[in-house]
Amino acid sequence: MSKIVIISGSPTKTSRSSAISSYIENQLINQVQQVSKITVRDLPPEDLIYANFNSPEIKRALSQIEQAQAVIVVSPVYKASYTGVLKAFFDLIPEKGLADKIILPIATGGSIAHLLSLEYAFKPLFSVLGGQEIKDGIYFVDSQISYQENQLTFLDVDVEHRVNTALQELVNRLAEKKLSVQS
Ligand SMILES: Cc1cc2nc3c(=O)[nH]c(=O)nc-3n(C[C@H](O)[C@H](O)[C@H](O)COP(=O)(O)O)c2cc1C
């Protein structure tokens, strides 16, 4: 079975992107996928700020990424890019640490104005870490979703459909890659 890790990049405890991460985790578990989650805000702040490569918590998170075949990154857009706390965590991922992994970027923003941050901010971050198979991202505008205690409600069925299609494509692609390695 392939391993999938979800990295959730909001610094806020109850947040849209955390609710999306939980939704995705449940959808994948329902499809009997081996899925784990890294919530960046739960990592020790000092280890992130001081780039503490020796931190046991950071090492544990990096090992989850190392073992995964796919990485789903969910982050709010802050100042036209991913959040600072997500970048602090990504700074700790070793060079080429995303090589051979399928990456699915998901962003939430207050408006559609920064839709292209997926292209000019998120994707270059994954490429520099060796990510080659970066899927087209999904961008949520706040008005398309509501959440309560990490419980997500889609106010736009089209967005729900897009997420589920992207997850299905990811699962199919992982199965295809596994078959090609075995044959
Ligand atoms: C500090 C800060 C900066 C933000 N910058 C942007 C921005 O540049 N573009 C945008 O569309 N939304 C921006 N937003 C809105 C958030 O991206 C949006 O509300 C997002 O869904 C919040 O996700 P969260 O609830 O998971 O933290 C910003 C919000 C905050 C708090």
Side-chain angles (χ1 to χ4, degrees), residues 4-30 33 35-51 57-58 61-62 64-65 68 70-93 98 103-129 131 134-167 170:
I4 304 171
V5 63
I6 302 165
I7 303 177
S8 189
S10 179
T12 310
K13 187 170 191 295
T14 310
S15 87
R16 281 184 180 76
S17 50
S18 304
I20 293 168
S21 303
S22 300
Y23 172 85
I24 288 173
E25 187 179 21
N26 288 333
Q27 292 295 98
L28 291 171
I29 288 169
N30 288 341
Q33 297 301 313
V35 52
S36 66
K37 191 160 70 172
I38 299 167
T39 303
V40 175
R41 82 178 296 282
D42 291 343
L43 294 170
E46 288 212 347
D47 292 341
L48 292 171
I49 291 292
Y50 296 124
E57 287 89 346
I58 299 289
L62 295 181
Q64 276 174 258
I65 296 176
V71 180
I72 302 173
V73 182
V74 189
S75 174
V77 174
Y78 273 16
K79 307 288 189 271
S81 185
Y82 37 74
T83 61
V85 75
L86 184 74
K87 178 62 163 58
F89 176 61
F90 267 70
D91 287 346
L92 294 163
I93 300 179
L98 295 184
I103 321 286
L104 175 63
I106 299 181
T108 66
S111 83
I112 200 73
H114 293 131
L115 165 70
L116 284 178
S117 59
L118 284 169
E119 300 299 321
Y120 63 68
F122 286 69
K123 286 190 179 178
L125 178 64
F126 309 143
S127 310
V128 85
L129 289 166
I134 306 170
K135 297 293 177 196
D136 285 340
I138 303 170
Y139 189 92
F140 291 89
V141 177
D142 286 353
S143 57
Q144 291 173 316
I145 44 175
S146 81
Y147 68 102
Q148 236 176 3
E149 294 294 325
N150 279 356
Q151 197 62 40
L152 185 71
T153 308
F154 290 99
L155 304 175
D156 181 337
V157 281
D158 181 52
V159 175
E160 181 174 11
H161 179 71
R162 259 193 292 149
V163 179
N164 290 326
T165 304
L167 293 181
L170 181 73

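Scope of the values below: all heavy atoms of this structure, side chains included, with no hydrogens, waters or symmetry mates. Both counts, for ligands and for their atoms, begin at 1 and track the order of listing.
Taking a 4.0 Å cut-off on heavy atoms, A80 registers as neighbouring ligand 1. Using a non-hydrogen distance threshold of 4.0 Å, Y139 registers as a contact of ligand 1.
Residue-level proximity to ligand 1 for S15 is carried by backbone and side chain together, each with a heavy atom below 4.0 angstrom. Residue contacts with ligand 1, taken as heavy atom pairs separated by less than 4.0 Å, involve V77 via backbone and side-chain atoms alike.
Close approach of ligand 1 to G110 (heavy-atom distance below 4.0 Å) involves ligand atoms 10 (C), 11 (O), 12 (N), 15 (C), 16 (C), 17 (O), 18 (C). Below 4.0 Å from some heavy atom of S17 lie the following atoms of ligand 1, by number and element: 24 (P), 26 (O). Within ligand 1, counting atoms from 1 as listed, the ones closer than 4.0 Å to a heavy atom of H114 are 7 (C), 8 (O), 9 (N), 10 (C), 11 (O). Of all atoms in ligand 1, listed by their number and element, those nearer than 4.0 Å to a heavy atom of R16 are 21 (O), 24 (P), 25 (O), 26 (O). Near S10, meaning under 4.0 Å from any of its heavy atoms, are these atoms of ligand 1: 24 (P), 26 (O), 27 (O).
You'll find the side chain of F89 reaches within 4.5 Å of the side chain of L62, heavy atoms only. Looking at T83 and P76, their side chains come closer than 4.5 Å, going by heavy atoms from C-beta outward. Residues L92 and L48 form a side-chain contact, since some pair of their non-hydrogen atoms from C-beta on lies under 4.5 Å apart.
With salt bridges taken as basic N to acidic carboxylate O contacts below 4.0 Å, one links K123 and D136.
For atom 19 (O) of ligand 1, the candidate residues are D142, T108, I145, V74; the nearest heavy-atom contact is made by D142.
The nearest heavy-atom contact from the protein to atom 30 (C) of ligand 1 is Y78 CE1, 3.4 Å. Closest to atom 23 (O) of ligand 1 among all protein heavy atoms lies P76 CB, 3.2 Å.
A 6.0 Å sphere centred on OH of Y120 holds more than 12 heavy atoms belonging to other residues, nucleotides or ligands.
Of all heavy-atom pairs spanning A121 and P124, the tightest one is O-CD, 3.4 Å. Considering all non-hydrogen atoms of both residues, S75 and L86 come closest at CB-CD2, 3.9 Å.
For F154 and Y23, the ring centers sit closer than 6.0 Å to each other.
Between K79 and ligand 1, an N or O atom pair is found at a separation short of 3.5 Å.
With values rounded to the nearest 0.5 angstrom, D156 atom CG is found 9.5 Å from F140 atom CZ.
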